[in-house]
Amino acid sequence: MKCFKSDCIIFYTLFLSDKEMQDQANSENLRDFLEAKICVVLNLPKEHEYFLHYTLSDSGTAYHCVLLDKETLKDYTSSAEEFLSHPCFLCAQFVREGYVLIKDGNLNWVFVGFKEQNIVDFYALENLGEVRKKLETLGLNAFWLWEVGDLTCHEREILKDMESKFSRHHIAQTLENMELLESYNFNPLEKSLPFLQTRTGGAFKCLVAGVALGIALGAVFILVGLLKQRENTGLQLQISTLQSELERLSENRTQAQNELIGLQEKLESLWSVYHSNAESLKDFGEADFQVAQLILTLNPHLEKFNVKIAYFGVEQESFALLLFGVNALKVLEAVEKESLGEIQTMGAYGEFVWSAIKGNKNGNS
C-alpha cells in the first residue's frame, strides 16, 4: 500500500438551496452536480477528473464532500495494481462516530470527524499544537489517536499534556493489518482490462461463440438427418412389405378369377345339360326305373358321408352326377363297389365332384 499526502485531500461542506436539494433529491447525476459545484466554488480545473466521496449532513441542507484530483495522485504511483489511499479513509473501519487525530506515513497531522463511518469534518494541521484549539472550538472532551508515523518526543509531551483535559482512545492497528477496501483505493491509473473484456477480446469471444454455435447447429442438423434417414429407411421397408403383399394379393386374385371363369364355363355347360334333361324328363314316366333305383341305393351313402347331389342328368345309356361335399369321392367309390354303374369321367372342383356314369344294363342296384 502507498499513502499520498494530506494536502491532496480537498474537503468542503457544500450548502444547497431548497430548490437545488429538491431537484437533486432523487437525481442520478448528483455526483456530477456536486463535483461541478465544488469546482466552481473552489475554482478547481473543470477539465480534470476527480474522486468524490460525499454524505448528507444532519441538517439535510448540505453535503460533506471529499474531493481528490486524479492528476495530483498520479505522482504517487507507477502501477495500476498498487493500493493508493490515506489513513483517514482506512480508520473508518473501526471508528464509526467521533474525531480521530492521525499522524500519517508522510509525518503530517490530520484531524478527521466521522459520522456513521462517513467523513463529516477534516482539518490538515501544520503542527500538533493546533489540535488543542480545534478540540476546544468543537467542544470535544475525547478523541481517538492513530500514529501511523512515529511520534517525536515533543509530540509525546504535547499529547501527555492534553490528557489532563481530554480523554484519549488509542488505535493500535497498523496499515499492514488493515483491510484494504477497494472503495478507498484512489489509484488514478487505469487497470488493463482482461483480454476478453477488451474490444478485441469481445470480438474474439463473439467469433468463438459463433463457431461453437455453428458446430452445435451442425451437430443438431446431422443428428436430425440421421433420424430422418432412419425414419425414411423404416418407411421404405414398410412400402416394400406392402408392395409384396399387394403383389401376392394380385396373384391370388388372378388365380381366383381364373378358377371363377372355369366354374362359370362349367356352370354354363351344366345349364345346357340341365335344359336338355328337363326336356327329356317330360316323358320320364315311360323311361326305365333304373335311375330311380340308383338314387334310392345312393341315398344311405349320401347321408352317411354328408354329401349333396347338386346336379343330376340322364342320357340314353348314362347319367351325370355333380356331388357337393368333402367326401363326394367316397360316394363314387360306393357306386363302383356296389356295381351301380361304370364311372367314365370324373373331375373335382374344390368340394364339387363331377362324374359321368354308364348305367348297368342288367339293372342291378
Side-chain angles (χ1 to χ4, degrees), residues 221-284 287-288 290-361 364-365:
F221 288 148
I222 292 174
L223 179 60
V224 172
L226 291 175
L227 293 176
K228 287 295 183 183
Q229 184 178 4
R230 183 178 179 181
E231 182 179 353
N232 291 339
T233 303
L235 290 175
Q236 289 176 353
L237 182 60
Q238 292 181 6
I239 292 173
S240 177
T241 303
L242 290 175
Q243 287 178 340
S244 299
E245 183 67 19
L246 195 61
E247 291 175 359
R248 186 183 65 80
L249 291 175
S250 178
E251 292 176 358
N252 292 341
R253 179 182 176 184
T254 302
Q255 184 178 356
Q257 286 177 339
N258 293 336
E259 291 181 356
L260 181 60
I261 291 172
L263 291 174
Q264 286 178 340
E265 293 176 352
K266 197 66 178 178
L267 181 60
E268 290 176 359
S269 175
L270 291 175
W271 273 111
S272 176
V273 174
Y274 169 78
H275 289 300
S276 175
N277 290 339
E279 289 294 326
S280 65
L281 287 176
K282 291 180 179 179
D283 301 326
F284 186 73
D288 192 357
Q290 182 181 3
V291 174
Q293 292 176 355
L294 174 63
I295 293 175
L296 182 64
T297 305
L298 285 177
N299 194 49
H301 299 290
L302 294 174
E303 293 180 355
K304 177 180 179 182
F305 297 115
N306 192 24
V307 177
K308 306 295 183 181
I309 297 177
Y311 172 80
F312 182 83
V314 179
E315 296 183 1
Q316 293 181 354
E317 295 183 357
S318 63
F319 53 90
L321 277 178
L322 179 60
L323 301 178
F324 174 74
V326 177
N327 299 314
L329 292 176
K330 292 184 179 181
V331 174
L332 294 180
E333 290 176 359
V335 169
E336 288 190 332
K337 186 177 180 180
E338 298 187 12
S339 301
L340 298 177
E342 180 183 352
I343 298 175
Q344 294 180 328
T345 60
M346 182 182 68
Y349 307 91
E351 293 187 4
F352 289 91
V353 176
W354 167 262
S355 63
I357 303 173
K358 185 178 181 179
N360 192 342
K361 295 182 178 182
N364 295 334
S365 45

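Predicted model, so just to flag it, every value in this text is computed and none were measured.
Distance alone, capped at 3.5 Å, is enough to place a donor-acceptor pair between the S244 side chain and the S240 backbone.
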Apply the test side-chain contact (heavy atoms from CB on, under 4.5 Å) to residues W354 and L270: give CA-CA distance (whole Å), side-chain angles for both, the deciding distance (0.1 Å), then the verdict. CA-CA 10 Å; W354 167 262; L270 291 175; 2.9 Å; yes

L260 and Q264: side-chain contact (heavy atoms from CB on, under 4.5 Å), yes or no, with the steps? CA-CA 6 Å; L260 181 60; Q264 286 178 340; 4.0 Å; yes

Just do the side-chain contact (heavy atoms from CB on, under 4.5 Å) check on I309 and L322 with the steps written out, would you? CA-CA 6 Å; I309 297 177; L322 179 60; over 6 Å; no

H301 and V335: CA distance, side-chain angles, deciding distance, side-chain contact (heavy atoms from CB on, under 4.5 Å) verdict: CA-CA 9 Å; H301 299 290; V335 169; over 6 Å; no

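Note that CD of Q236 and CD of Q238 are 11.0 Å apart. Values are rounded to the nearest 0.5 Å. Between K308 atom NZ and L323 atom CG the span is 12.0 Å, to the nearest 0.5 Å. Atom-to-atom distance recorded for L227:CG and I222:CD1 is 12.0 Å, nearest 0.5 angstrom. Remark: T241 OG1 to L246 CG distance equals 12.5 Å, nearest 0.5 Å. One distance of note links CG of L302 with OG1 of T297; it measures 10.5 Å at 0.5 Å rounding.
At least one side-chain heavy atom of Q255 sits less than 4.5 Å from a side-chain heavy atom of E259. The side-chain heavy atoms of N306 and N327, taken from C-beta on, include no pair separated by under 4.5 Å. Within the 4.5 Å cutoff, the side chain of N299 has heavy atoms near those of the E303 side chain. Proximity of L321 to F312: side-chain heavy atoms (C-beta onward) are separated by under 4.5 Å at one or more points.
Partner L332 forms a side-chain contact (heavy atoms from CB on, under 4.5 Å) with one of I343, V307, L298 and no other, that one being I343.
The neighbour count for Q229 CD, taken as heavy atoms of other residues, nucleotides or ligands under 6.0 Å away, does not exceed 12. Around atom NZ of K266, more than 12 heavy atoms belonging to other residues, nucleotides or ligands sit under 6.0 Å away.
Residue pairs meeting the ring-ring contact (aromatic ring centres under 6.0 Å, His included) criterion with at least one partner in residues 229-264, sequence neighbours excluded, do not occur; the list is empty.
Taking each heavy atom of E351 and V326 in turn, the nearest pair found is OE2-CG2, 3.8 Å. The two residues A328 and V353 make their nearest non-hydrogen contact at CB-CG2, 3.5 Å.
Ion pairing of E245 with R248 is present here, as a side-chain N (NZ or NE/NH1/NH2) and a carboxylate O approach within less than 4.0 Å.
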